[in-house]
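Inspection log for the structure reproduced underneath, given as structure tokens.
Side chains included, hydrogens not; waters and symmetry mates left out as well; all remaining heavy atoms used. No experiment lies behind these values; they were computed from the predicted model shown.
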Amino acid sequence: MQADFGRFTHAVIRAAPDSLAAQALRSGPAELQVDMEAVRREEEQYVSVLEKTLGLRVVRLEADEELPDCVFVEDPAVVCGNTALITRPGAPSRRKETEALKTALANLDLNIVEMTDESATLDGGDVLFTGREFFVGLSKRTNRRGAEILADTFQDYAVSTVPVLDTLHLKSFCSMAGPGLIAIGSSEAAQKALKTMQQMSDHKYDKLTVPDDLAANCIYMNLPDKGHVLLHCTPEAFPESAKVFEKLKDHMLIPVHNDEKRKVDGCLTCCSVLINKPSKV
Amino acid sequence: MTTEVGSEPEVKKEPEKSSEEAQAEQQQQLAEQPAEPSESEPSAAAEPQPTPTDSTKPDNTDQQENAEAEPSSPPPSSGQKKEKGISRFLPPWLKRQKSHSQVEPKESSSPTDTPNQTLTEKQEEEEKEEEEAEAAEEQVGKAPEEAEKRQEEAGPKEEGEAVSPVVEQPAETKEVKAEVKEEVKAEEVQAENNSVGSVETQPAKEEKEGTSAEKKGEKGGEEVQESSVLSPLKLGKKMKIVVCHVTLLDGTQFPCEVEKRAKGQYLFFKVCEHLNLLEKDYFGLSFKDNADQRCWLDPTKEIKRQIRNSQWQFAFNVKFYPPDPSQLTEDITRYLLCLQLRQDVSSGRLPCSFVTHALLGSYTLQAELGDYDPEEQRLDSIADFQFAPSQTKELEEKVVELHKSHRGMTPAQADVQFLENAKKLSMYGVDLHHAKDSEGVDIMLGVCANGLLIYKDRLRINRFAWPKILKISYKRSNFYIKIRPGEAEQFESTVGFKLPNHRAAKRVWKVCVEHHTFFRLTNPEQPTKSKFLTLGSKFRYSGRTQAQTRQASTLIDRPAPYFERTSSKRISRSLDGAPVISVSDHGHMLDSARTPGSGENGHDPALELSSDSKSPQVEEEAEPGKGAVAGAVPAELPFETGTDGADSSETKSAEDKLNSEINGQPEVIEVVEETVVIEEVVKAAKPKSSAPEVSVTVASSATEEVPEVKEEEEKSASSDSESEEEAEFHPQSPSDSAHHIQEEPEEEQEQSQKAPPTNAEPQQDAEPETTDKVEAVVNQQKEEDEKTPGEETVVAPEDAPNGHHVQDGEEALTSLGAVAEEEEELEPCVVNGDASHAETERVPQVICCSEPPVVKTEMVTISDTFAAQKTEIATKEVPIVHTETKTITYEAAQLDGTGDGEPGVLMTAQTITSESLCTTTTTHITKTLKGGLSETRIEKRIVITGDSDIDHDQALAQAIKEAKEQHPDMSVTRVVVHKETELAEDDD
């Protein structure tokens with residue numbers, strides 16, 4: 001279970017609809033203009049890194065103009081091992097995003113578990129899988145029932161809940177930067193959440209503290225030929241935080257632009273569902 | 001026997017017992033004697049025990065000589081226990097003698113006994129049955145009148161005797177059946193005491209000394225018989241043999257004959273021997289209690305006492321799941337762990353995903369069947385294996401598919417792989433208990449190697465690692481953990497959980513104590529040796545810690561034992577299979593090598609002996625079906641007379657009642673339910689449990705200058721009570737002992753404080769006299785229902801000094817007020833118990849023995865208050881977490897009707913809590929300055945939690961004895977015994 005943490009073979013992504021610019025949910029100021037051209041460029045780079053640089057097989061889903069937030073595929077599905085939990089996103093406008101994703105994941109021969117309980121909500125952005133256990137942020141988008149269903153789905157792992165009050169998602173200020181290494185923002189809320197996680201866990205985690213909460217969202221992979229790989233923020237976006245990542249000598253560091261999607265609360269992890277499908281013997 | 005109040009049943013039983021017991025005891029004693037020396041040598045802990053026994057013996061010695069009464073009790077265990085109790089009562093010099101005589105306890109005891117002979121004669125039969133000490137207590141309890149006579153006669157007798165009257169009264173009030181029960185309880189208590197004191201303490205020493213002790217222990221059962229054989233006396237006795245049925249991990253049954261009074265370790269040893277298991281510290285025997293809850297068989301206690309009326313049916317299980325099974329030394333140990341985990345997985349107790357089910361299943365197949373063989377293994381045959389709670393064809397196919405990939409893997413390797421995957425499961429080794437949080441929300445408490453996990457549904461909502469936990473305690477049906485303050489926090493916090501009943505709370509507490517000790521400590525904690533106020537012993541994990549067992553495992557030097565793997569398929573289908581594991585000759589060798597320290601095997605002659613003595617009791621117990629009764633032990637805080645105006649009035653009324661009752665048997669019904677109060681004493685937190693069981697509160701105040709007056713001492717020959725309503729456990733981590741250390745020092749301080757005053761006064765000797773002075777008021781509620789053992793409150797108020805209540809504000813207040821209320825309310829209705837808790841049915845009998853105020857103190861019968869509290873509590877159902885701050889109100893004490901008008905100046909206040917298997921003792925020590933006199937007041941609250949059999953009388957007596965022993969200079973001013981029973985639960 002832990003040995004292959006970060007090992008991925010496939011990535012599912014979804015194109016951004018034009019409706020994103022105007023209709024995508026956002027916690028920031030609504031006036032903030034989203035440049036769809038920039039979004040496309042970011043998307044291209046993102047996919048390019050996954051596909052060409054890292055050699056993952058990328059499954060692209062069509063955009064749906066009815067679903068402005070559909071680019072953020074992390075939220076409608078949580079994949080661990082060969083089980084995919086199709087969630088019930090906390091935002092009603094996003095509930096239908098699960099359909100396309102479910103189909104795509106089923107096509108990858110994953111065991112599909114659907115969250116049908118109408119009292120449950122869960123966004124994948126609130127789910128932090130450390131390789132040893134899950135932490136689920138209880139936020140505006142995710143409730144306890146959703147976390148329970150996740151626990152029922154992934155019974156091998158402990159599922160601990162972490163209150164998330166100030167940010168959209170748990171992973172708005174943290175993510176895994178390596179095996180047993182949690183990247184965490186510097187804000188009070190982030191540090192508090194980290195403490196909660198540390199207390200709840202039987203395992204010891206190292207922390208990588210970055211000055212900017214949003215910069216703490218990065219993508220870690222452990223790939224056969226590449227070793228430790230980390231997709232992180234660019235120096236342009238978060239210069240101080242980027243310096244922290246650059247100190248990780250053992251990692252293959254890949255700065256990824258995410259400035260436009262960040263305007264609609266998009267983080268690096270939000271834009272893909274990573275899957276490990278070992279080739280059959 | 002108890003001539004007076006019809007204790008016919010007892011008498012009957014007793015005679016039988018007496019004859020048998022006497023013989024057995026004699027035999028045992030003989031056996032013990034030889035054994036004891038050896039034990040004593042190896043372990044220092046053992047030594048103290050023998051001495052106490054001696055002391056007890058002196059009291060009862062006459063009987064012993066006659067071979068009638070006292071000898072009957074199995075010399076080793078019972079003797080020790082009794083000894084302890086008795087010794088306490090005995091004056092120091094007697095004790096010393098005893099100690100000297102340790103080698104030959106009987107002899108020494110006999111001479112000393114003479115004084116008590118008169119008493120003993122009456123009770124001889126009983127005594128025979130029970131341990132000596134118990135007998136004495138019982139006697140007292142049975143016939144108060146007799147006790148008085150005795151006192152007169154025995155004037156010289158020890159304090160214990162004086163106490164005895166009190167005990168007797170309760171007994172009288174109780175019906176015959178009740179008496180029997182009490183006896184049984186007493187015995188148990190003693191047993192516990194023995195176990196606690198000797199066994200627990202011994203383990204460490206034993207381990208150190210190692211082999212010698214273990215060897216003895218290992219020989220265990222055989223030795224017992226041998227010992228019996230050895231002793232001519234024993235020849236006459238008949239060993240009562242019971243066949244235990246132990247379900248092994250492979251599903252087979254292992255029938256094992258044990259002596260009826262054998263301790264858990266004896267059976268456990270036999271099973272391990274049968275399994276050829278050396279690394280046995282990870283395992284244990286479990287049984288289902290009346291409520292169908294799984295309980296661990298305490299190796300240090302008699303089996304009979306633990307299972308009560310249940311079948312002699314046990315299961316061999318993994319108790320401590322090693323976090324890293326690869327560190328186990330032997331394959332056979334891993335194999336057994338695998339078997340346990342397969343059960344856990346297939347039963348759903350260890351949840352895991354489909355993939356994991358398949359993977360584990362595939363390793364199971366590889367281990368059981370070897371390489372995949374397409375011809376032999378077809379799906380229909382695979383279906384015989386139970387891989388998961390709900391097994392699908394899909395799963396089976398996946399299992400087979402994975403099985404194919406394990407080709408070439410040996411069974412041992414497959415087991416290793418199985419364990420490597422199983423150990424990663426989040427619920428691996430987590431012992432779950434249903435509970436509610438402080439808001440009444442259903443949660444689960446998970447005890448594991450690293451600490452305590454809190455789950456709400458499937459979600460982990462909190463976790464308390466052992467290093468974070470300062471104290472573990474339970475009170476009644478509440479379970480508390482005190483949390484070390486965080487970085488930003490200044491104060492310790494206490495988190496409370498509500499469990500379904502008292503037993504459940506106790507069970508969690510015990511499991512926590514054991515897990516903490518096993519996984520976190522290097523050496524088991526030594527039960528605090530009776531320091532001052534320590535009544536009873538503390539429950540502690542007595543086995544080896546993981547560190548120790550690992551170390552011991554390195555010494556295992558035997559060829560890998562052959563063992564046969566039982567195809568799990570066969571197991572699942574039928575239990576007919578022969579035991580899978582063949583016992584190899586190596587077993588003995590191994591055992592000896594491995595378990596040097598712990599006398600787990602129960603080979604100790606003493607243990608065996610004790611078992612014999614107990615056997616009669618067992619019978620008795622069965623009859624009444626008292627099991628339920630014992631369960632409730634209300635922990636009462638010691639309320640000292642000192643009271644506020646209101647309290648005093650209440651108390652007065654109570655007293656009146658008591659007085660009236662004295663002759664007759666006043667009925668005071670105390671509601672079993674007591675408020676759950678966690679007292680945090682300034683330094684050490686003492687949980688005062690108002691548990692549903694028996695609490696004995698002994699308040700002793702020593703006024704240095706006025707020692708004479710206070711000489712009154714109550715002697716209750718009460719046996720140690722096992723019941724623990726409340727228990728505290730201060731986990732000490734090897735590294736971080738800061739808190740602990742603090743606490744302990746406090747205790748020491750207390751002791752030191754107490755000690756000085758006590759020395760001056762030789763009250764113990766005076767006790768007989770004091771007894772006269774002390775008027776025992778016994779309020780007994782005759783409960784129509786024998787089933788519900790009421791609470792007994794024995795109050796021996798002597799001095800006003802009692803006023804020093806260091807009690808927690810809540811407790812004290814509640815207790816006082818409550819008591820009064822309860823008496824009134826309770827008396828009429830037994831119904832109180834019905835209140836929310838399972839405890840509903842309790843019909844507590846309150847026996848209040850109030851001694852006329854000796855010197856200064858007026859006798860305040862607190863019984864009412866207790867009751868009141870309880871009642872209130874019951875109704876309200878106390879919130880789970882009570883954190884009480886003990887406020888030492890010295891002033892209040894002064895307020896008491898007692899003579900002291902002057903407010904004292906509180907010099908120091910300490911609270912010490914100690915725990916034994918069934919007993920929680922909270923000691924409050926306050927030192928005050930009044931008008932130039934320094935007064936040290938010690939309040940002890942003893943909560944005995946017993947399932948069904950607790951001899952309150954004995955408990956009381958013992959408490960008093962201990963108090964006297966510990967503080968010879970001090971006088972016992974008040975003793976309150978409160979008994980709470982949770983019938984409902986038990987019945988359930």
Under a 3.5 Å distance rule, please check whether B:Arg458 uses its side chain to pair with a backbone N or O of A:Val159 as donor and acceptor.
no
May I ask you to test the A:Asp202-B:Arg463 pair for a side-chain heavy-atom distance under 4.5 Å?
yes
Going by heavy atoms in the side chains, are A:Gln199 and B:Asn462 under 4.5 Å from each other?
yes
Segment of B:Ile454 engaging chain A (4.5 angstrom heavy-atom cut-off)
neither
Interface moiety of A:Thr196 toward chain B, non-hydrogen atoms closer than 4.5 Å
neither
Taking side chain as everything from C-beta outward and backbone as N, CA, C, O, which of these in A:Glu148 sits under 4.5 Å from a heavy atom of chain B? Side chain, backbone, both or neither.
both
Separation between OG (B:Ser426) and CD (A:Gln155), nearest 0.5 Å, reads 9.0 Å
B:Ile461 CD1 to A:Met200 CE distance, which is reported to the nearest 0.5 Å
7.5 Å
Considering heavy atoms only, which positions within residues 160-170 of chain A lie below 4.5 Å of chain B?
A:Ser160, A:Thr161
Can you name the residues that form a side chain to side chain contact (heavy atoms under 4.5 Å, CB included) with B:Glu394, not counting sequence neighbours?
B:Phe354, B:Thr392
Which pair of non-hydrogen atoms, one from B:Leu459 and one from A:Ala147, has the smallest distance, and what is that distance?
CD2-O, 3.3 Å
What pairs with B:Ser353 under side-chain hydrogen bond (donor to acceptor under 3.5 Å, both in side chains), at least two apart in sequence or on another chain?
A:Asp156, B:Thr356
Which pairs with one or both residues in residues 353-364 of chain B pass salt bridge (Lys or Arg N to Asp or Glu O under 4.0 Å), sequence neighbours excluded?
none
